[in-house]
Amino acid sequence: MMHEKYKDFTKKKNTGVFLMILAVIVGIVVGSLNFGAGDKPVLHQYFSPVYSGNTLFDVFMNTFVSLALFAVTAFVTGLFVFGQPFGVLMLIYRGFGIGISVSMMYCEMGFGAIPAVIILLLPKALSVVFVSMLAVRELMRSSCTILRCITGRGESPEKKFFRLYCIKFAVILAVSAVISAADSLMNYIFAKLV
């Protein structure tokens, strides 16, 4: 039986972006309220420069692994019919890492954390959220395509659909590597200036 009220929010640009930003904001708020949760990488996701690593290579690898795991999880989740809710949860999780990192920095350094937050954390957070939203957008598009197909509201995806899906995630991983390199360079420059 087809569900007549089914809506694909990924087709409407403003609605989809707004919902993804809202998920990140919810995560930031929840994360900032849980700053005492600890310094575990699974929580702060290496947003905090204090926990990013001591060398350029450490910072690069920690940031890249965090981004790559997110992208791979989004890729795999997008191959399932009910991947959409997991995409939203992934964005909340990403926001949680930002919120907890900012809170930990302010807790440790007080107002002295403001330059580090503005120079190191904010640009990284914006670029990581952008890439994460791209990954989740592709996850949702793929999942919605599969859902439309099995509910009889769409045609079966062509072979090129999966190839294009793989290419998009390869580009996301390449952008993640660039973000990781820029993050390690910014951490190195900031450490020299302070």
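Values below: every heavy atom of this structure, side chains too, minus hydrogens, waters and symmetry copies.
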Rounded to the nearest 0.5 Å, what separation is found between the [atom1] atom of [X] and the [atom2] atom of [Y]?
X      : Y      : atom1 : atom2 : value
Ile172 : Ile167 : CD1   : CD1   : 12.5 Å
Tyr93  : Thr73  : OH    : OG1   : 9.0 Å
Leu147 : Phe80  : CG    : CZ    : 14.5 Å
Leu120 : Ile189 : CG    : CD1   : 10.0 Å
Phe60  : Phe57  : CZ    : CZ    : 8.0 Å

Donor-acceptor contact present, side-chain [X] to main-chain [Y], <3.5 Å:
X      : Y     : result
Ser32  : Val29 : yes
Ser66  : Asn62 : no
Ser143 : Val81 : yes

Exceeds 12 heavy-atom contacts within 6.0 angstrom, atom CZ of Phe86: no

Nearest non-hydrogen partners of [X] and [Y], listed with the distance:
X      : Y      : answer
Arg141 : Lys168 : NH1-NZ, 4.2 Å
Gly83  : Leu139 : O-CD2, 3.3 Å
Ser103 : Gly31  : OG-O, 4.4 Å
Met90  : Ala74  : CE-N, 3.5 Å
Leu173 : Phe64  : O-CE1, 3.5 Å
Arg94  : Ser132 : NE-OG, 3.1 Å

Any side-chain heavy atom of [X] sitting closer than 4.5 Å to one from [Y]?
X      : Y      : value
Arg148 : Thr145 : yes
Phe96  : Leu33  : no
Val88  : Met140 : yes
Met104 : Ile100 : yes
Leu121 : Ile98  : yes

Out of curiosity, does [Y] fall in the hydrophobic cluster containing [X] (side-chain heavy atoms, cut-off under 4.5 Å, transitive links)?
X      : Y      : result
Phe169 : Val171 : yes
Met61  : Val59  : no
Ile179 : Leu134 : yes
Val76  : Leu164 : no

Can I get a per-line list of side-chain donor-acceptor pairs under 3.5 Å for residues 110-119, giving both atom names and the distance, sequence neighbours left out?
none

Report, one line per pair, each donor and acceptor closer than 3.5 Å where one atom sits in a side chain of residues 124-131; sequence neighbours left out.
residue : atom : partner : partner atom : Å
Lys124  : NZ   : Tyr46   : O            : 2.3
Lys124  : NZ   : Thr63   : OG1          : 3.3
Lys124  : NZ   : Asp183  : OD2          : 3.1
Ser127  : OG   : Pro123  : O            : 3.0
Ser127  : OG   : Lys124  : O            : 3.0

Whether Tyr165 and Phe161 hold their rings parallel, tilted or perpendicular, with breakpoints at 30° and 60°: parallel

Any donor-acceptor N or O pair under 3.5 Å, side chains Asn187, Ser184: no

Can you list, pair by pair, the side-chain donor-acceptor contacts under 3.5 Å of residues 17-26, counting residues two or more places apart and other chains?
none

